[in-house]
Amino acid sequence: QVQLVESGGGLVQAGGSLRLSCAASGRTFSSYGMGWFRQAPGKEREFVAAINWRGTIRNYADSVKGRFTNSRDNAKNTVYLQMDSLKLEDTAVYYCAATSGIATYVSAREYDYWGQGTQVTVSS
């Protein structure tokens, strides 16, 4: 069992930055791949980024590639999403998720555990 808690969301102007954190409970955190997803009002949940259990493989949605950076610190049981050059369309609730699989999955169906989400609002 893994419990995930996101933090770091908030209100930021377009072009600004935020860093989301996802703290995980459980001694086996380092064996899980981690993903970030987001859901805007009226839209389906979409893949943002994923990182494998060792932190050596990263995968990004095209919409955030070059602006967002996904990293993890297994000693701290935490995964991070650094978001730079934020755009209005990045506004959404951001969720972290954990998978016991070995790949950096883009489908939400591959993830076993989810956090409660943190709101990110980008203003003009």
Has the side chain of [X] got a donor or acceptor atom that lies under 3.5 Å from a matching backbone atom of [Y]?
| X | Y | value |
| --- | --- | --- |
| Thr121 | Thr91 | no |
| Tyr94 | Glu6 | no |
| Asn52 | Gly55 | yes |
| Arg58 | Thr69 | no |
| Ser25 | Gln3 | yes |

>> Please enumerate all residues that pass side chain to side chain donor-acceptor pair (under 3.5 Å) together with Lys43, with sequence neighbours excluded.
In response: none

> If you look at every heavy atom in Ala40 and Ala92, which pair is closest and at what distance?
Replying inline: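 Taking every non-hydrogen atom into account, N-CB, 3.8 Å.
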
Listing, residues 103-111 side-chain donor-acceptor contacts under 3.5 Å, not counting sequence neighbours, or none:
residue : atom : partner : partner atom : Å
Ser107  : OG   : Arg109  : N            : 3.2
Tyr111  : OH   : Tyr105  : O            : 2.6

With a 4.5 Å heavy-atom cut-off, do [X] and [Y] have their side chains touching?
| X | Y | answer |
| --- | --- | --- |
| Ser17 | Met83 | no |
| Trp36 | Asn70 | yes |
| Arg19 | Tyr80 | yes |

> Is the CG atom of Leu88 crowded by more than 12 outside heavy atoms at less than 6.0 Å?
Replying inline: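 More than 12 within 6.0 Å, yes.
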
[atom1] of [X] to [atom2] of [Y]: how many Å apart, nearest 0.5 Å?
| X | Y | atom1 | atom2 | result |
| --- | --- | --- | --- | --- |
| Gln13 | Leu86 | CD | CG | 11.5 Å |
| Tyr32 | Leu4 | OH | CG | 9.5 Å |
| Gln1 | Asp112 | CD | CG | 10.0 Å |
| Asn59 | Ile51 | CG | CD1 | 11.0 Å |

>> Arg67: which residues meet the salt bridge (Lys or Arg N to Asp or Glu O under 4.0 Å) condition with it, sequence neighbours left out?
In response: Asp90

> Looking at Leu20, Val93, Leu81, which one forms a side chain to side chain contact (heavy atoms under 4.5 Å, CB included) with Val120?
Replying inline: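 Testing each of Leu20, Val93, Leu81 against Val120, the sole residue satisfying side chain to side chain contact (heavy atoms under 4.5 Å, CB included) is Leu20.
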
> Which pairs with one or both residues in residues 72-89 pass salt bridge (charged side-chain N to carboxylate O under 4.0 Å, His left out), sequence neighbours excluded?
Replying inline: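 Output for this query is empty, none listed.
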
> Tyr95 ring centre to Arg38 NZ or CZ under 6.0 Å, with the angle to the axis within 45°?
Replying inline: no

> So Tyr60 and Val48, side chain to side chain contact (heavy atoms under 4.5 Å, CB included) or not? Walk me through it.
Replying inline: CA-CA 6 Å; Tyr60 296 96; Val48 175; over 6 Å; no

>> Which residues end up grouped with Trp53 if you chain together Ile, Leu, Val, Met, Phe, Trp and Tyr wherever their side-chain heavy atoms are less than 4.5 Å apart?
In response: none

> Do Phe47 and Val79 belong to the same hydrophobic cluster, where Ile, Leu, Val, Met, Phe, Trp and Tyr are linked whenever their side-chain heavy atoms lie under 4.5 Å apart, directly or via other members?
Replying inline: no

>> Can you tell me how the ring of Trp114 sits relative to the ring of Phe37, calling it parallel under 30°, perpendicular over 60° and tilted otherwise?
In response: tilted

> Which residue pairs pass the disulfide bond (SG atoms under 2.5 Å apart) test when at least one of the two sits in residues 53-124, sequence neighbours left out?
Replying inline: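 Only Cys22-Cys96 qualify under disulfide bond (SG atoms under 2.5 Å apart).
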
